[in-house]
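Below is one structure; the comments refer to it alone.
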Amino acid sequence: GKPADKLTEEDLKVLIDNEDYKENQYIDYKGILAFYDNRLPKEKRQQEAIEFKHDICSFANAEGGYLVVGVSEKGGIPDEIIGIDVPNGNKDKFELDIRDKLKSIQPKMPSIKLHFIELSDKKYIVIIDIQADGFTPYVYDCSDNPFFFFTRTGNGKRRMSYNQVMRMFNQSLVIQKEIASYRKSRIQFYSKANEKPRYCRVYVISDDFVNPSAHKKIYMMYRDNRSLISKPDGFEFIAPIVDGVRFVPYRNINCAAYFFNNGICELNEELSNFYLNEIEEGLFLSGQSLWKEIILKSLLYSFGALLKLGFSKRAFICFDIACIEKTITERRDYYYSKLDRDLILSNVIEVSDIANEDIKKDAIKSLHYELLMALGIKGEEKYQEVEKEIIFF
């Protein structure tokens, strides 16, 4: 009844000799991480490291789950809380080392979180939370040796069949294709409403949007508990629509924001009202204002809204900018940077855990770089500001 990061040593005692917590598809116990045991021969430790990677892949290729380290088992039933040593109690270094070992997994390191439970003898139980996502199938390629795909079935990992692997490859393409299709439909929608659109549109898309069973009736949840959804800055009230809710602005009728039942948050801001100014040299677009007043605010609001409503912690972020070709974006002495097109689509950035501040900041930083490059900004100081996180929060 508690999240993993809230568990205590006392809570863990309920596991011991309790068949209700027997190893299954979602949980596995390891008394130690044998690849850290210097008493074992080097080859044995290397083999244990490979098995560890296969274990992580098997959970990631199934529905996710928990690898509980520091609890021994007999017949799959936990029988003793023994704990493991975390050198100097440095949990950050321990976690970095675990993550480093998983970097060799393809197509990317699986989405994991580590939870540390300190025991009375200063040892730790480490719960590795492996999350399922849309990048399956995961595999660890053991150099020139034959390699296999594993998934979690019953109380252990199993080799995947050819058909299972092919099905996962096909599914992993769905999210990116669906995001591209959705963006295309929104571009067409706004283009029809305005022959010469000038807008910045920001998307925060939960990976639940491809899973109909995870969709929610946003407006009904809001009616039941109004504290679940707050209005973004600049919006007066929330109105129901057939596929979610629409936020109605105070005055700017060209500003639109939506929270759809499928877990997509979208903000569309008319640029000509706020950021395009006539100057002697032509139209000028302030990228810094665009970032701080529209994109960043929209990202932070949407992350919070998705978490409150219980959507997946994995999401994707991107933006579209419809402007006017040759709009000035940077003035440096006698040099001007200008847009080379009138429609800019950023790359899609994955945020593997919108509840994790570090992961979230890294993704936001990546999207900020996307904006600077999209606007053709050359000033080195702008990129340095992003690197130093000067203008994040």
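All heavy atoms count here, side chains included; hydrogens, waters and symmetry mates do not. Nothing here was measured: the structure is a model prediction, and the numbers come from that model.
- When only modelled atom types and interatomic distance are considered, Ser312 and Asp207 share a side-chain donor-acceptor pair under 3.5 Å.
- Using modelled atom types and a 3.5 Å distance limit, the side chains of Glu43 and Gln47 yield no donor-acceptor pair.
- Side chains of Asn61 and Ser58: a donor-acceptor N/O pair is absent below 3.5 angstrom, by distance only.
- Judged as a ring pair (Phe, Tyr, Trp, His ring centres under 6.0 Å), and not counting sequence neighbours, the contacts of Phe35 are Phe52.
- No donor-acceptor pair closer than 3.5 Å links the side chain of Ser206 to the backbone N or O of Phe209.
- By the 4.0 Å N-to-carboxylate-O rule, Glu48 lies too far from Arg45 to be salt-bridged with it.
- The ring pair (Phe, Tyr, Trp, His ring centres under 6.0 Å) test applied to Phe150 returns His54, not counting sequence neighbours.
- A salt bridge does not link Glu270 with Arg198: every distance from a Lys NZ or Arg NE/NH1/NH2 to an Asp or Glu carboxylate oxygen is 4.0 Å or more.
- Taking 4.5 Å as the limit, some side-chain heavy atom of Lys108 sits within range of a side-chain heavy atom of Glu350.
- Applying the side-chain contact (heavy atoms from CB on, under 4.5 Å) test to Gln106 and every residue at least two apart in sequence or in another chain returns Val139.
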Side chains of residues 299-310: which donor-acceptor pairs under 3.5 Å do they make with residues two or more places apart or in other chains?
residue	atom	partner	partner atom	Å
Tyr301	OH	Ser230	O	2.6
Ser302	OG	Ser298	O	2.8
Lys308	NZ	Ser227	O	3.2

Next item on the list: Using the ring pair (Phe, Tyr, Trp, His ring centres under 6.0 Å) rule, take Phe316 and Tyr182 through it: C-alpha gap first, then chi angles, then the decisive distance, then the call.
Entry: CA-CA 13 Å; Phe316 301 87; Tyr182 175 77; over 10 Å; no

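- Taking the six-membered ring where the residue is Trp, Tyr199 and Tyr190 present tilted rings, their angle falling between 30° and 60°.
- For Tyr29, the ring pair (Phe, Tyr, Trp, His ring centres under 6.0 Å) criterion is met by no residue, not counting sequence neighbours.
- At distances below 3.5 Å, not a single donor-acceptor pair connects side-chain atoms of Asp208 with backbone N or O atoms of Asn211.
- For CZ of Arg341, the number of neighbouring non-hydrogen atoms (other residues, nucleotides, ligands) closer than 6.0 Å is 12 at most.
- Remark: the backbone N or O of Asn347 is paired with a side-chain donor or acceptor of Glu370 at under 3.5 angstrom.
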Checklist line | Intermediate values then yes/no, salt bridge (charged side-chain N to carboxylate O under 4.0 Å, His left out), Glu51 and Lys157 | finding: CA-CA 10 Å; Glu51 284 302 310; Lys157 62 177 180 285; 3.1 Å; yes

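- Using modelled atom types, one side-chain atom of Asn261 and one backbone atom of Ile218 make a donor-acceptor pair closer than 3.5 Å.
- Under a cut-off of 6.0 angstrom, the local environment of NZ in Lys22 is sparse, with at most 12 non-hydrogen atoms contributed by other residues, nucleotides or ligands.
- Of the possible polar contacts, one joining the Ser366 side chain to the Asp362 backbone as a donor-acceptor pair under 3.5 Å is found.
- Atom NZ of Lys44 sits in a sparse spot, with 12 or fewer heavy atoms from other residues, nucleotides or ligands closer than 6.0 Å.
- Under the 4.0 Å criterion applied to side-chain N and carboxylate O atoms, Lys101 and Asp97 are assigned as salt-bridge partners.
- More than 12 non-hydrogen atoms from other residues, nucleotides or ligands lie less than 6.0 angstrom from CG of Asp100.
- Residues meeting the side-chain contact (heavy atoms from CB on, under 4.5 Å) test with Arg223, sequence neighbours left out: Tyr219, Arg226.
- In terms of heavy atoms, Ile295 sits closest to Cys200 at CG1-SG, 3.9 Å.
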